[in-house]
Structures are given as C-alpha cells and as structure tokens.
2 protein chains.
Amino acid sequence: MYSYAYPHPAVTTDIVIFSLRDNELKLLLIKRKGEPFKGKWALPGGFVQLDEDLEAAANRELAQETGVSGVYLEQLYTFGQPNRDPRERVITVAYYALIPSDRLTLTASTDAEAVGWFGMDELPKLAFDHETIVETAHQRLVAKLDYSTLAFQFMPEEFTLTELQAVYEIILRADIDKRNFRKWVLALERVEESGEYRRQGAHRPAKLYRLINRDQVDIIK
Amino acid sequence: MYSYAYPHPAVTTDIVIFSLRDNELKLLLIKRKGEPFKGKWALPGGFVQLDEDLEAAANRELAQETGVSGVYLEQLYTFGQPNRDPRERVITVAYYALIPSDRLTLTASTDAEAVGWFGMDELPKLAFDHETIVETAHQRLVAKLDYSTLAFQFMPEEFTLTELQAVYEIILRADIDKRNFRKWVLALERVEESGEYRRQGAHRPAKLYRLINRDQVDIIK
DNA sequence: TCAAAAGTGTTTGCTATACACCCATGA
DNA sequence: TCATGGGTGTATAGCAAACACTTTTGA
C-alpha cells in the first residue's frame, strides 16, 4: 500500500500509433481484456512508473505493442476530465507515434491480447475518451504535414519520390501535382539520392532517396 | 490518509502568465514561501483537485494570483521528469495565459505572498524546471503569432491599429511596416471599427477598433 | 505654425499553382 | 511495340515586402 496525506490521481500514457498500410492511414488498437470497457478497443497505454520519464513510459508501451523503438514519438496533449475513467481519477498524457512502413514485420503482441490496425474510416467505438484522443492526434498529424517534414517519418530507409508523394496524398486525401511536389521536396534539401534504383514492373526504374537526417523533423516555411 | 495499491504521482498545474506592461512582454512570478526552493521565484501553480478538470485547476490558480478570469488559457505541455521535485514525483501540466493590458488593475495577491512581473530579459533564477517551462511557453507564443490571431488576446476592448502593431513588435522584437501591417490586419476581417476615436496628444486622433469575436483565436494562412 | 502620430497605394519580387509530354523498362 | 509508371520546365497568378508623403490635431 502507498499512502499520501492528500489524494493523488493515477497517471497513464496512451499512444496513438499511426502507420501507412494498404494505402491507408491506420492506427493500432488493442482489445481490452479487463474491466472497465472489457472487450472494447482502446489505445495502447498504461501507468507511468514512479521513476520513469513520461516519454520513457510512452516508449515502453510502444515497444510492448509493436516491438519497434526509435521511431518518431511526440507528446500530444494531456487529458484529465475527472470522470474519464470510472475506477478512479486517471490523467493520461497522450503521445502519438509514426511507424515507417518497413518496421512492421511482426506485431509482437506481448500477452496474447488482440491487436489490430484500423483505418481512420473504420474505427470501432473506443473505450474511455479515446475517440477524442485519436481525433486530436489526427488533427495534429494533418496540421504538421503543412509546416514540417513530419511525413518523412513514415518512409523506410530508401524510398522513391512517388512513394513519398503517396504518403501526403493518403493523409491529406487529396491529389497532388507530381512536378510541383518533386520541386517542393527537392528544394527542402532534406533528401538525397541513394544512387540505387527501384525496378519493379515494366516501366522506367525509380531513383531511390534517403533522408539526410533520419531522426530530425524540421519546421518549414 | 489516502492509500493506493500502487504508487501515484502528484499532479500540479503551473501557469505562465503573459502580459504586456511598459512596452515589454512580462510574466508573473511568485516568491515561494516554503520549501523546497524557499525564497526562489516560481510559476504560479498548485495541486489538481481530484474532482477538478485540469483546465479548471489552471483557471483557479490564474484567478487566485491575478484576480482575472475569462482570459485566453491554453494547455502548453506536460513536464514529468522523475526528479523535477525533490519531495516526491510530481507531474505538472503547464498552461499559459494571456492577459489583456486593461485587466491588470489589482494584483490580488491572495495570501500576502510576493508576486512580481518580470520581463523576458530580466528573469531571475527559477525554482524546479520552471525555466524550461517558461522557454517552451515563449516559443509557443512567438510561433503562434505567425499563424494565428493569438496576439489579439492581449488587446483591451478598444484599441488602435498602432497599438496592435506594437504588440507584434514587442513580442517579435522586430520593426514592422505600418502600411503592410494594417493591410494584413484588415484583410483578416477579425476587427471592426468601433466608431470612436482615441485623442491623446497633439496629433490626429486614431480610429478605435474592437475584436469581432472576442474569445476566438483563429488559425490563419 | 510646428511637432507628433495617424492614415494611405503602388511597384517589385517571390512563391504557389496549373499544366503535357518524353523516357526507360519488361513483357 | 506497347503498356506502365518515372521524370522533367514554363507561364501565370497571388501574396509578401519595400517604400514616402499627406492629414489631423493640440500646444
């Protein structure tokens, strides 16, 4: 038992994990095994350990559910409505993460819980206030495409400009002019040719590019 | 005594309260009366009550220290380094507030603690990690001037365009062209003439304007 | 009439957008 | 040789920045 002179809330981190699969923006949900909201889908998350930084807690949850680490992770917002959890006062510090498309080999589900990737249009009803959290994360993601190189975090080591363009088109749900997009990307000077080519199908091979600073997201404009 | 099956952190809100005084961007600090950091300057803040929303807690602290309410208040970031408070694990959800220049009549200091307004260039050493919090808030403020109407929240009911321009010049520490600024503001269509004039000094009176939606901060561009 | 701040347009450069055809490859 | 996606340049419009003089007032 842990006792305090005045009441303390519980603090969790929840993570909105985005990835692009099957030409769709998807996010990872887990099916709750226990009460409350047993059987409902929810964001991965858990309690913050007392000796653990918030971001470390988020990274731990991320690694637990996906097996990946070292990907883009950013604090989103802190949600603390008094009754968002029926058990006790729980304040959650929400994060969001972007998983490059090649880092998804195994869905290393730790304790045999059900996990699933859901497109933004096919989300089930979520536990707690997780729908609000997802919506906030989605807004942040879309907004950041406009003024940062955040979307580049979805790319694998090597990629073509057409693949990068597809990332923007999928998330923004809009067609982009090919020539203007390529001019724009190259002018940013954040990608360089790897020297390799991707040959697939009966057409001209595509130049492969890589990020100049893999882990850096820059504010642009 | 309050007891839990596993350890809980304490949760506080701290507020960075910005205002424009004496043609400077200033923020409100309080001098700590107790340990730790007794006698040091710190951000106003306090523990979140268990039945209280986070924003409500921030508003409560804000009203306690300044006597004002209903001003712009936005969640900034949550700081949770394990050792940021020497007593116990304390996670703080930081907010920032903007006080219009006419809402500062009395510094209604509740329990006779020392409070003071400090310019960004004359900040004392702060308690805890409050310097990091202040820096984060300042960056957010400066960034938001560029793509929102946030700065308008510093204005009183009626103001001249020159006064509004001064807000930008003070915060951005840059001279702005008068004609371009006025064209830009009027094109936003967020201010309207009040019909009144401000006459002060031996020169042409200035048209007074008011905000069309006083409480609304819009993303622009 | 003088000093002081208010108020007002035009030109120029840059950035964003629209738009169509040739290239390299495998089948 | 054909189908497929890769790759490229130019013209135009819209927005941002530079820039200087007239107006109104109180002393």
Side-chain angles (χ1 to χ4, degrees), chain A residues 20 22-23 101 142-143 145-149 151 155-156 158-170 172-210 218-221, chain B residues 20 23 101 142-149 151 155-156 158-170 172-210 218-221:
Chain A
L20 291 161
D22 313 323
N23 290 327
S101 44
V142 169
L145 288 207
D146 234 60
Y147 65 89
S148 79
T149 57
M155 305 318 290
E158 295 193 319
F159 54 90
T160 69
L161 294 186
T162 302
E163 286 162 1
L164 181 57
Q165 182 174 341
V167 171
Y168 281 85
E169 292 183 325
I170 290 166
L172 298 175
R173 296 175 186 279
D175 292 338
I176 299 172
D177 180 84
K178 193 204 275 198
R179 281 170 290 190
N180 292 338
F181 180 78
R182 295 161 95 93
K183 250 181 298 177
W184 175 76
V185 170
L186 296 175
L188 290 175
E189 299 188 308
R190 299 303 199 287
V191 300
E192 61 187 4
E193 300 184 11
S194 77
E196 304 294 309
Y197 288 83
R198 168 159 304 154
R199 355 189 122 247
Q200 61 169 15
H203 56 83
R204 182 171 175 175
K207 276 187 186 167
L208 288 170
Y209 289 80
R210 72 168 76 89
D218 298 307
I219 305 300
I220 50 184
K221 280 180 185 172
Chain B
L20 290 160
N23 290 328
S101 44
V142 169
K144 277 218 164 185
L145 288 206
D146 234 61
Y147 65 89
S148 79
T149 57
M155 307 316 291
E158 293 193 318
F159 55 90
T160 68
L161 294 187
T162 301
E163 287 162 1
L164 181 58
Q165 182 175 340
V167 171
Y168 281 85
E169 291 183 323
I170 290 166
L172 298 176
R173 298 176 185 276
D175 291 339
I176 298 171
D177 179 84
K178 192 202 276 198
R179 281 169 292 186
N180 291 339
F181 179 79
R182 294 160 96 93
K183 250 181 298 177
W184 175 77
V185 169
L186 295 175
L188 290 175
E189 299 188 307
R190 299 301 199 287
V191 299
E192 61 186 5
E193 299 184 11
S194 79
E196 304 294 308
Y197 289 83
R198 168 158 305 152
R199 355 191 123 249
Q200 62 170 14
H203 56 83
R204 182 170 175 174
K207 276 186 186 168
L208 288 170
Y209 290 80
R210 70 168 77 91
D218 296 307
I219 305 299
I220 51 182
K221 278 182 186 173

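Protein chains get the first letters and strands the later ones, always in sequence-line order, with residue 1 at the start of each.
- Checked against side chain to side chain donor-acceptor pair (under 3.5 Å), Arg204(B) has no partners two or more places apart in sequence or in another chain.
- A heavy atom closer than 4.0 Å to some atom of DNA chain C occurs in no member of residues 184-201 of chain B.
- Tyr168(B) pairs by the ring pair (Phe, Tyr, Trp, His ring centres under 6.0 Å) definition with Phe181(B), Trp184(B), not counting sequence neighbours.
- With sequence neighbours left out, the salt bridge (charged side-chain N to carboxylate O under 4.0 Å, His left out) criterion links Arg199(A) to no other residue.
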Just the atom pairs and distances: protein N or O near nucleotides 1-6 of chain D's N or O, under 3.5 Å.
from	atom 1	to	atom 2	distance (Å)
dT4(D)	O2	Ala202(A)	O	2.7
dG6(D)	OP1	Thr162(A)	OG1	3.3
dG6(D)	OP2	Thr162(A)	OG1	3.4
dG6(D)	O3'	Pro205(A)	O	3.4
dG6(D)	N7	Lys178(A)	NZ	3.2

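- Along DNA chain C, the stretch of nucleotides lying under 4.0 Å from any heavy atom of chain A spans, 5' to 3', dT17(C) to dG26(C).
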Just the table, please: protein N/O against nucleotides 10-12 of chain D N/O, every pair under 3.5 Å.
from	atom 1	to	atom 2	distance (Å)
dT10(D)	O4	Lys183(A)	NZ	2.8

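- For Lys144(B), the salt bridge (charged side-chain N to carboxylate O under 4.0 Å, His left out) partners two or more places apart in sequence, or in a different chain, are Glu74(B).
- Two end axes, each from the C1' atoms of five base pairs, can be drawn for the helix from dT1(C)-dA27(D) to dA27(C)-dT1(D); they diverge by 10°, to 10 degrees.
- Not counting sequence neighbours, Arg179(B) has no partner by the side chain to side chain donor-acceptor pair (under 3.5 Å) test.
- In terms of the side chain to side chain donor-acceptor pair (under 3.5 Å) criterion, residue partners of Lys183(B) (sequence neighbours excluded) are, by chain and number, Asn180(B).
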List, one per line, each side-chain donor-acceptor pair under 3.5 Å for residues 187-195 of chain A, sequence neighbours excluded.
from	atom 1	to	atom 2	distance (Å)
Arg190(A)	NE	Asp218(A)	OD2	2.5
Arg190(A)	NH1	Leu188(A)	O	2.5
Arg190(A)	NH2	Asp218(A)	OD2	3.4
Glu192(A)	OE2	Arg210(A)	NH1	3.3
Glu193(A)	OE2	Lys207(A)	NZ	3.2
Ser194(A)	OG	Glu158(A)	OE2	2.9
Ser194(A)	OG	Glu196(A)	N	3.1
Ser194(A)	OG	Leu208(A)	O	3.4

